[in-house]
Every structure is written in structure tokens, then in C-alpha cells.
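Only this structure's heavy atoms are used, side chains among them; waters, hydrogens and symmetry mates stay out.
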Amino acid sequence: MRAHRGTGHSVRGTLATFDSSDAMLETLRRLRQEGFTRLEVYSPYAVEEVDELLGRKPRALPLIIVAAGALGAVGGFLLQYWGMVLNYPLNIGGRPLNSWPAFSTTTFELAALAILLIGFLAFCTICRLPRLYDPIFDAPGFEHASQDRFLIWIAEREGRDDGDLLQRLLPHGEGVRIDEVPA
């Protein structure tokens, strides 16, 4: 089995296309019950049960964003404190050098900047973006995954011939298309 660099999965497998999310979810449940673990789902919109069926855990993105905001706020405050209090103290009108209300606007702006920059980079990293090309994109009918079809990609399991099992598990009929995806 040949793994494609950057995607973490091999391209060889079976691609099942469905007209409805309900049919896709039912097939996904059956595949998971039979022990298929290397599955990917492509759909035009988020389907609620998919993450649970695939065994995906919540990501650390919210924690990364909160940490970026805190780091940006602390960094922004310290930058102003260093400049106005330690490096170039200028006492105007008897005001204290460390006047935190004067620093609050810039502190907020630097926190927002850190959230945007680090949050965007973390989001792209977690979602493996940008994926400008992946061999799975060449599979027949894959272009409909962003329009009106629901796809399940089932990886070929090493050392096993799952052809008969997949014939039993995957539904046949109206609104379902099964394609083999070669390497």
C-alpha cells in the first residue's frame, strides 16, 4: 500500500457516493461495526454524527486561540511598559509612569492581532490546509462532494481482500455509486 505524502492515507481503496446524508451515515455505522477504521468522509456541509462515528476527538484550537490572546495581551502590555516606564520615562503633568488605562487600547489590539495570526495558522495546520492537490481529488465523481453528494472513502486494508465484505456492507441501488480508487 502506497501512502501519499502529506495526506496520511493511501489512495487505494473504495469510494462510495450517496445522494443523502442519512444513507451515508447508515453505511458509515455499518463500516465501523465491521472494523473499518481508515475512513474519510467528504460532504457539502457538516453532518453532525460523522465526527463521533469516525472517533475524532475535539481539537486544541480553542485553547491555542485563548493562549494566543493572552500572549498577545501580555506582550503588548510589556512592550508599552518597557518603552514608557523603563526605557524612556516621561512624566507629563505628574501622572504615574505605569498608567495601565493608557496602555489598554494597544494591549487589546495586539491581543486581537495575535489571535488572528496564530489562530489562522493553527487552523490551517490542524485542517491540513492548503491541500491544493491530493490524488483522491482525481476519483470519479469527487467534484460533487462540495456540491450535492456525500462520499465515504474506505482505505484498502493491508493484507486483506475486503471486496466481498464491502459488496455486502455498501448499499446498491438508486442514489448510490461505488468506485474503486487505484493507487
Check your understanding: Any side-chain heavy atom of D134 within less than 4.5 Å of one from R128?
Key -> no
Point to revise | Heavy-atom side-chain proximity of L110 to F77 below 4.5 angstrom | key: no
Check your understanding: Is it true that L170 and L54 fall in one hydrophobic cluster, defined by side-chain heavy atoms closer than 4.5 Å?
Key -> yes
Review point. Is Y45 reachable from L28 through a run of hydrophobic residues whose side-chain heavy atoms are each under 4.5 Å from the next?
Key: yes
Exercise for review: Using the salt bridge (charged side-chain N to carboxylate O under 4.0 Å, His left out) rule, collect all pairs that involve residues 50-60, keeping only residues at least two apart or in two chains.
Suggested key: D51-R56
**Study point:** Closest non-hydrogen atom pair between L15 and P140, with its separation
**Key:** CD2-O, 4.1 Å
Practice item. For the pair Y133 and F137, name the ring-plane relationship: parallel under 30°, tilted 30 to 60°, perpendicular over 60°. Key: perpendicular
**Study point:** Test item: R32 side-chain N/O and L53 main-chain N/O as donor-acceptor pair under 3.5 Å
**Key:** yes
Review point. Hey, any chance Y88 and W82 share a hydrophobic cluster, counting ILVMFWY side chains that come within less than 4.5 Å of each other, even indirectly?
Key: no
Check your understanding: Measuring from I64:CD1 to L71:CG, what's the distance to the nearest 0.5 Å?
Key -> 12.5 Å
Practice item. Find out whether T17 and H144 are in side-chain contact, i.e. whether some heavy atom of one side chain is under 4.5 Å from a heavy atom of the other. Key: no
Check your understanding: Considering all heavy atoms of both residues, which atom of A73 and which atom of T107 are nearest to each other, and what is their separation?
Key -> O-CG2, 3.3 Å
Check your understanding: When rounded to the nearest 0.5 angstrom, what is the spacing between CD in E40 and CD1 in I136?
Key -> 7.5 Å
Revision key, fill the gap. One should read off an interatomic distance between F103 CZ and N98 CG, to the nearest 0.5 angstrom, of 5.5 Å
Point to revise | Transitive ILVMFWY side-chain link M24 to Y42, under 4.5 Å | key: no
Check your understanding: Which atoms form the tightest heavy-atom contact between Q147 and P44, and what is the distance?
Key -> O-CB, 3.7 Å
**Study point:** Joint cluster assignment, L129 & L121, ILVMFWY side-chain distance < 4.5 Å
**Key:** no
**Study point:** CG/D164: more than 12 non-hydrogen atoms of other groups inside 6.0 Å
**Key:** no
Check your understanding: Does L97 reach the side chain of L86, with side-chain heavy atoms less than 4.5 Å apart?
Key -> no
Check your understanding: With a 4.5 Å limit on heavy-atom distance, are the side chains of V41 and F150 in contact?
Key -> no
Practice item. Check whether any side-chain heavy atom of L25 lies under 4.5 Å from a side-chain heavy atom of V50, and answer yes or no. Key: yes
Point to revise | Nearest heavy-atom neighbours spanning A155 and W153 | key: CB-CH2, 3.4 Å
Check your understanding: Of the non-hydrogen atoms in V176 and P171, which two are nearest, and what is the gap between them?
Key -> CG1-O, 3.1 Å
Exercise for review: Please tell me if the side chains of I152 and L31 come closer than 4.5 Å, counting only heavy atoms from C-beta onward.
Suggested key: yes
Practice item. First locate atom CZ of F120, then atom SG of C124, and finally report the distance between them rounded to the nearest 0.5 Å. Key: 3.5 Å
Exercise for review: Could you tell me whether a side-chain N or O of R30 sits under 3.5 Å from a main-chain N or O of L169, the two making a donor and an acceptor?
Suggested key: yes
Review point. For V47 and S21, which heavy atoms make the closest approach, and how far apart are they?
Key: CG2-CB, 4.2 Å
Exercise for review: Rounded to the nearest 0.5 Å, what's the gap from CD1 on I154 to CZ on R12? Could you check?
Suggested key: 14.5 Å
Practice item. Give, for atom CG of D19 and atom CZ of R177, the distance between the pair rounded to the nearest 0.5 Å. Key: 11.5 Å
